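One structure below.
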Amino acid sequence: MAMEGYRGFLGLLVSALLVGFLSVIFTLVWVLHYREGLGWDGTALEFNWHPVLLVTGFIFIQGIAIIVYRLPWTWNCSKLLMKLIHAGLNCVAAILAIISMVAVFDFHNAKRIPNMYSLHSWVGLPAVILYILQLLLGISVFLLPFAPLSLRAALMPVHVYSGLILFGTVIAAALMGFTEKLLFSLKNPDYNTFPPEGVFTNTLGLLILVFGALIFWIVTRPQWKRPKEPNAVLLQPNGGAAEKVEVSMAINSSNSMDKLDSELNSEAAARKRNFTLDDSGQRSTM
């Protein structure tokens, strides 16, 4: 099936991938060039894993997971395969987010820095927890074939809406974190004097913001939504066994029955005509 506005979609998709990839590269350059690199020793080098993993997993990979159903090249793939890809990408994002949280708490504890006192942490940690709960709920309800169809239908709008809200919340938390880190770290020269690191990191924040806006635009266009499968098979639990419900099979079965009835009626009419002709022939002979 052809996508409406395919060129516009392709342009926005390429732009989103480019901006998202640049965000990851900018984050690596920031921590490797301006923040002295990466490590896992309780120092600031361990803390630097926090922005790298969050931007890579919680923003870039999560953004790709959100729009994966919109890719027209995947519309011929089975819905189950796309669900596995969607869940897999979100699992990778969740794992990277958890590691990033371990890094920042380990750094704070090693340096005796208080935890959970800033707005950044108040927004960020609940976002991680809710994201994991959203992931587990999505796998339980939409991936595994045990939830009733009524429950899936009721939770689907909530699943979509909460996913977008969490994605936006993560971006907001990242922007808060960048600002907080620069305010704490840039002392000579100060942040308000436009030092190169401050300008560079502000540019990184703008890239992340643009990436989020592109993802939101792509995923909210109804003309780019994955079309419903004509032969979709819905799995309904029935005493532990899955009952297959196929609308198209019912339609095909009905059409076959109509065709069979038509053939039987035609055959009966032909026999009646032959019988009439034979009877007329016998009478003319007599």
Side-chain angles (χ1 to χ4, degrees), residues 9-41 43-68 70-71 73 85-86 88-104 106-107 120 123-124 127-128 131 163-164 166-186 189 191 194-219:
F9 171 83
L10 189 61
L12 289 175
L13 176 64
V14 172
S15 300
L17 293 176
L18 179 61
V19 173
F21 185 71
L22 281 177
S23 300
V24 176
I25 297 299
F26 267 55
T27 307
L28 285 171
V29 172
W30 177 41
V31 300
L32 294 176
H33 179 67
Y34 292 104
R35 295 285 99 203
E36 301 178 355
L38 297 167
W40 200 272
D41 52 5
T43 66
L45 301 182
E46 182 174 350
F47 173 87
N48 290 343
W49 281 110
H50 182 65
V52 170
L53 295 179
L54 282 181
V55 172
T56 303
F58 223 21
I59 295 178
F60 182 60
I61 294 179
Q62 183 186 175
I64 301 303
I66 289 174
I67 63 172
V68 70
R70 300 290 173 127
L71 303 179
W73 315 286
I85 294 174
H86 178 71
L89 290 172
N90 280 298
C91 285
V92 172
I95 291 172
L96 295 181
I98 292 173
I99 296 175
S100 73
M101 300 304 294
V102 173
V104 71
D106 194 25
F107 166 72
H120 167 66
V123 173
V128 174
Y131 183 79
L164 292 177
L166 285 173
F167 182 62
T169 302
V170 168
I171 292 177
L175 299 182
M176 295 180 203
F178 292 147
T179 303
E180 180 181 300
K181 181 63 176 177
L182 293 175
L183 288 173
F184 289 164
S185 302
L186 295 181
Y191 186 26
F194 295 92
E197 181 180 356
V199 174
F200 185 86
T201 311
N202 287 349
T203 304
L204 168 60
L206 290 177
L207 287 174
I208 292 175
L209 191 62
V210 171
F211 174 73
L214 291 172
I215 294 298
F216 268 93
W217 184 262
I218 291 173
V219 80

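Predicted model only: the values in this text are computed from it and were never measured.
Between the side chain of Asn48 and the main chain of Leu38, no donor-acceptor pair closer than 3.5 Å is present.
Within 6.0 Å of CH2 on Trp217 lie no more than 12 heavy atoms contributed by other residues, nucleotides or ligands. In this structure, Trp30 places its CH2 atom where more than 12 heavy-atom neighbours from other residues, nucleotides or ligands lie under 6.0 Å away.
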**Item:** Intermediate values then yes/no, side chain to side chain contact (heavy atoms under 4.5 Å, CB included), Asn90 and Gln62
**Value:** CA-CA 6 Å; Asn90 280 298; Gln62 183 186 175; 4.2 Å; yes
**Prompt:** Could you walk me through whether Glu197 and His33 pass the side chain to side chain contact (heavy atoms under 4.5 Å, CB included) check?
**Reply:** CA-CA 9 Å; Glu197 181 180 356; His33 179 67; over 6 Å; no
**Asked** Please walk me through it: do Trp40 and Val102 pass side chain to side chain contact (heavy atoms under 4.5 Å, CB included)?
**Response** CA-CA 11 Å; Trp40 200 272; Val102 173; 4.1 Å; yes
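Annotation for Pro195 and Leu186: closest pair CG-CD1, 3.7 Å, computed over non-hydrogen atoms. Between Leu89 and Ala65, the shortest heavy-atom contact is CB-CB, 3.6 Å. Between Leu45 and Gly37, the shortest heavy-atom distance links the atoms CD2-O, 3.5 Å. Looking at every heavy atom in both residues, Glu46 comes nearest to Ala103 through O-CB, 3.5 Å. Here the shortest heavy-atom pairing between Val170 and Ala127 reads CG2-CB, 4.3 Å. Closest heavy-atom contact between Ile215 and Gly63: CD1-O, 3.7 Å.
Partners of His86 according to the ring pair (Phe, Tyr, Trp, His ring centres under 6.0 Å) rule, which considers only residues two or more places apart in sequence or in another chain, are Tyr69. Remark: Phe58 pairs with Tyr131 by the ring pair (Phe, Tyr, Trp, His ring centres under 6.0 Å) rule, at least two apart or across chains. Arg70 is linked by a salt bridge (charged side-chain N to carboxylate O under 4.0 Å, His left out) to nothing, counting only residues two or more places apart in sequence or in another chain. Applying the ring pair (Phe, Tyr, Trp, His ring centres under 6.0 Å) criterion to Tyr191, with sequence neighbours excluded, gives no partner residue.
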Donor-acceptor pairs under 3.5 Å, side chain of residues 11-28 to any protein atom, not counting sequence neighbours: which ones?
from  : atom 1 : to    : atom 2 : distance (Å)
Ser15 : OG     : Gly11 : O      : 2.8
Ser23 : OG     : Val19 : O      : 2.9
Thr27 : OG1    : Ser23 : O      : 2.7

For residues 172-182, which side-chain N or O atoms pair as donor and acceptor with protein atoms under 3.5 Å away, sequence neighbours left out?
from   : atom 1 : to     : atom 2 : distance (Å)
Thr179 : OG1    : Leu175 : O      : 3.1
Glu180 : OE1    : Ser118 : OG     : 3.1

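Separation of atoms CD1 (Ile99) and CG (Leu53) is listed at 6.0 Å; rounding is to 0.5 Å. Note: Ile59 CD1 to Ile64 CD1 = 12.5 Å, rounded to the nearest 0.5 Å. Within the model, atoms CD1 of Ile66 and CZ of Phe167 stand 5.0 Å from one another, a figure rounded to the nearest 0.5 Å. A distance of 10.0 Å separates CG in Leu214 from CG in Leu209, rounded to the nearest 0.5 Å. For the atom pair OG1 (Thr169) and CG (Leu164), the distance works out to 10.5 Å, reported to the nearest 0.5 Å.
Taking the six-membered ring where the residue is Trp, Trp73 and Phe9 present tilted rings, their angle falling between 30° and 60°.
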